[in-house]
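Report on the structure given below.
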Amino acid sequence: MKQIYSSFHEAVKDIKDHSTIMVGGFGLVGIPENLILALVESNVKHLTVISNNCGVDDWGLGLLLKNKQIDKMIGSYVGENKEFERQVLAGELEVELTPQGTLAEKIRAGGAGIPAFYTPAGVGTPIAEGKEVRTFNGKEYLLQEGLTADFSLVRAFRGDRHGNLVYNKTARNFNPMMAAAGAVTIAEVEELVEPGELEADAIHTPGIYVQGLIEGQQEKRIERYTVKAEA
Amino acid sequence: MKQIYSSFHEAVKDIKDHSTIMVGGFGLVGIPENLILALVESNVKHLTVISNNCGVDDWGLGLLLKNKQIDKMIGSYVGENKEFERQVLAGELEVELTPQGTLAEKIRAGGAGIPAFYTPAGVGTPIAEGKEVRTFNGKEYLLQEGLTADFSLVRAFRGDRHGNLVYNKTARNFNPMMAAAGAVTIAEVEELVEPGELEADAIHTPGIYVQGLIEGQQEKRIERYTVKAEA
Amino acid sequence: MAVQKDKAAIREMIARRAEQEIKSGYYVNLGIGMPTMVANYIQPDKEVVLQSENGLLGIGRSPYEHEVDPDLINAGKETVTASVGAAYCDSAESFAMIRGEHLDLAILGGMEVAENGDLANWMIPGKMIKGMGGAMDIVHGSKKVVIIMDHVNKHGDPKILKECKLPLTGKGVVDRIITDRAVMDVTDEGLKLVEIAEGWTVDEIKEQTEAELIISDELLKMPSSK
Amino acid sequence: MAVQKDKAAIREMIARRAEQEIKSGYYVNLGIGMPTMVANYIQPDKEVVLQSENGLLGIGRSPYEHEVDPDLINAGKETVTASVGAAYCDSAESFAMIRGEHLDLAILGGMEVAENGDLANWMIPGKMIKGMGGAMDIVHGSKKVVIIMDHVNKHGDPKILKECKLPLTGKGVVDRIITDRAVMDVTDEGLKLVEIAEGWTVDEIKEQTEAELIISDELLKMPSSK
């Protein structure tokens, strides 16, 4: 049975200054909302954050940013956040942009014990600078290395006490790879259930990747509310 | 909607001499039984077969072997098959042994457009001969290239007319990676259902990887029947 | 307001022309912005599966208000629905589909395209870099990559160039360019003009295109927006 | 029949000693053959998850006849059950767990082990090669790799050597060796004898071991099979 935290404060208390953390989510979908809030409260500093995006100004990772807790951000798209732009231009924040598919694969590789792999994305672009280019079957590829983290914070729909996780719809995104790539993975779940309640054939993250869990209620803010007018 | 074949004969009719085929399964579990039988009947020759094992003497890929349809076998364990041994010793069959995890990852890479990756398995062993060895973070790794096939034959539990597949228990094994790595992937399913019947969050092989499907009844032979005496 | 309306009409014309690239049975990735609009014009008799790189194979229409699920968005972060027979996956699997060339077609926006198929569509030096998102993967991952964009920029300068000036998204990745004025193919011989919009002459298009244009022997009229 | 019984007793003794390597909360991969037997001796108060590289995290006991499911086997191809809270996965994910060092312990059989931790357990030149299966991945993929085997071969010759003669499965991968006569650890200083079975002297073990043995200051008695 995995550790079940009694508070979000307790869940993040081992995350120290200068840690590298992965945070699941695409935009604001599938982010571990309360773990992020607890990190803001903990006031831990000099974080390297690996996440596809960096939240918006007043929600998600944007809150860590506003509180100046992040030294370096590794992601693929950071355009939703004005404070991000200000800190980069002011030299307060280092940013490493990585093509989204490469980022996903680097994290997957990190969790899977693959130190490096070749990918076509980025050949002939600024991303290729300083990277090995190698030809396979007449096509050029870049060498990219795997990514791991001291802590991974993920958000799942349901999780059981063995650490098995199931995600909902597009809230899955980067969460499963990050769960595998964190030395310590903390899962915020919408619902904590008993072992055996999740269908063994339908588990997205096997429990081996998860060190602790906590149930959390999600706000699930929507960035681009887009609807069809009722007929 | 994907092609639904009316017979196993029709399903394999495009597989010609000298094709490279991947065949799902671990031991006799999760093998596409009727597609293999149809290949035997088709009498197609000079196949390169990529599969973890090569069946047993009278079932699965062993039938293709007995009928001398295989020129080369790429797998990780071929010890269950006496005819295999005879053909190798007689120089009739070429064999390329690959560590099981490396084989799984090579097939996953092939389907995912990754031409090559590094892995620790095989460093300092006969597997490393002729392969690049490279050090990352003080540890040695081998370069291994991705694998693809002209045809992949997989066996699923349920499949829908969009090609989405779900596997049962340990019959999943190599099937999902092979489904993605075949230029043409043919799925033998125990039950064909309508789109929408499979839970969208629980699909193992998204339909994009599958070109055609056929329903087939499985014998599911057991290699090592092991039971606990009833109390 | 007249200009506004013209802009919308032009975007619709481009989107409708782009829709013709989509054949029944195709798996398609539509980029953020104008490419997303193409979905609105897909002929109902075509069976098309739209992929969203955030992990959805089978994007459906926009939800009615009561259907909105905050866990269900497209790559542009808009709330969407899933089509019948859709499948969700994680981001690594989603880009495995893309990188492994399982998609038939990607329709993306562009800032600059060069005659050799180079594409620039993600950064302008000196301006804040927002990031490439999935674009650098998607340009390598589809059997056909179509760029839709205005033929010239707001100053009237060409966007279809001999060489891109902006940092690249991908090298030699574009197959076809569709603009408000023309359709051009990247071929081994060079950039070939294959369709021209009503109201424009070949000479005018040549003038508005920095890249050398080969004129197709079978030059067609581009369908207008009406 | 006496020999037969002895053999079984020796295997049980090794398996029971190997079980002591397993701590509560561990994820463990047990190799095919004698290592699989270790599962029979896991203390009921320990919470242990057994991984099977063919795609099962959470191997349960053998099935009763009415429970047999041909789609549910272990890596030794024996029918098994799944434990409560088990998860199935594909082979790539299964080896991602292994290669990514998510397992706490692997217990495998061995033909030869060298004092530097080299392991040979998959092929004998001149004999038909059956294949390495998952062994070459598993030896790299666990926080601790324990080899269980007879101390000497059937001719009485050492199997724990200065250098392996057989083709390797992995280089410098073994952490601990458990035999019918001793327990040895691979350390930076060399191979260290840490436990010795009843009925054997240190000198006898040294004689039966080609590798140079460092004798632990805290040499323990190996638990006997009773």
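What you see is a predicted model; the values in this text were computed from it and never measured. When reading the values below, keep in mind they use all heavy atoms of this one structure, side chains included, and skip hydrogens, waters and symmetry mates. Lettering of chains follows the sequences in order, A, B, ..., and the numbering in each one begins at 1.
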After noting the C-alpha distance and the side-chain angles of D:V183 and D:R176, does the key distance pass the side chain to side chain contact (heavy atoms under 4.5 Å, CB included) rule? CA-CA 7 Å; D:V183 178; D:R176 173 166 276 195; 3.7 Å; yes
Among D:L168, D:L72, D:D90, residue most engaged with chain B (heavy-atom pairs, under 4.5 Å): D:D90
With respect to chain D, which residue among B:M177, B:E105, B:R108 yields the maximal number of heavy-atom pairs within a distance under 4.5 Å? B:M177
Heavy-atom contact with chain D under 4.5 Å, split by part of B:A128: neither
When rounded to the nearest 0.5 angstrom, what distance separates SG in B:C54 from CD1 in B:I74? 12.0 Å
For B:E140, which atoms come within 4.5 Å of any heavy atom of chain D: side chain, backbone, both, or neither? side chain
One option among D:G55, D:C89, D:G170, D:P167 has the most heavy-atom pairs under 4.5 Å with chain B, and it is D:C89
Region of B:R155 in contact with chain D, defined by heavy-atom distances below 4.5 Å: side chain
Are the aromatic rings of B:F174 and B:F26 close, with centres under 6.0 Å apart? no
Check whether more than 12 heavy atoms from other residues, nucleotides or ligands sit under 6.0 Å from atom CD of D:E212, and answer yes or no. no
Between B:N53 and chain D, with a heavy-atom cut-off of 4.5 Å, which part of the residue counts as in contact: side chain, backbone, both or neither? side chain
Check whether the side chains of B:T205 and B:Y167 place a donor and an acceptor atom closer than 3.5 Å, and report yes or no. yes
Is chain B contacted by the side chain of D:E67, its backbone, both, or neither, given a heavy-atom distance below 4.5 Å? neither
Do B:E188 and B:Q218 pair up side chain to side chain, a donor and an acceptor below 3.5 Å, judged on atom types alone? yes
Scan side-chain atoms only and decide if D:N54 and D:S52 contain a donor-acceptor pair under the 3.5 Å cut-off. yes
Sort B:V88 into side chain, backbone, both or neither according to what part of it lies under 4.5 angstrom from a heavy atom of chain D. side chain
Would you say the side-chain atoms of B:Y225 and D:E78 include a donor-acceptor pair closer than 3.5 Å? no
Please rank B:T119, B:L103, B:L89 by heavy-atom pairs under 4.5 Å with chain D and give me the top one. B:T119
Let's test your reading of the structure: which of D:D69, D:T81, D:N74, D:V139 forms the most heavy-atom pairs below 4.5 Å with chain B? D:D69
Highest number of heavy-atom pairs under 4.5 Å with chain D: which of B:G122, B:A121, B:A104, B:G75? B:A121
May I ask you to name which of D:A87, D:G76, D:A86, D:G131 has the most heavy-atom pairs under 4.5 Å with chain B? D:G131
Heavy-atom cut-off 4.5 Å, strictly under: side chain, backbone, both or neither for D:S94 against chain B? neither
Going by heavy atoms in the side chains, are D:D137 and B:P99 under 4.5 Å from each other? yes
Taking B:G27, B:S76, B:G79 one by one, which has the highest count of heavy-atom pairs under 4.5 Å against chain D? B:S76
Working to the nearest 0.5 Å, report the span between CD1 of D:I147 and CE of D:M111. 11.5 Å
Need one label for B:P120: side chain, backbone, both or neither, based on atoms under 4.5 Å from any heavy atom in chain D. both
If only atom types and distance count, is the side chain of D:N121 paired as donor or acceptor with the main-chain N or O of D:G109 below 3.5 Å? yes
Is it true that B:N81 and B:E83 share a donor-acceptor pair across their side chains at a distance under 3.5 Å? no
Which region of D:F95, side chain (C-beta onward) or backbone (N, CA, C, O), has a non-hydrogen atom less than 4.5 Å from a non-hydrogen atom of chain B, or is it both or neither? side chain
Below 4.5 Å from any heavy atom of chain D, which atoms of B:E190 appear? Answer side chain, backbone, both or neither. side chain
Cut-off 4.5 Å, heavy atoms of chain D, and the answer for B:I107 is neither
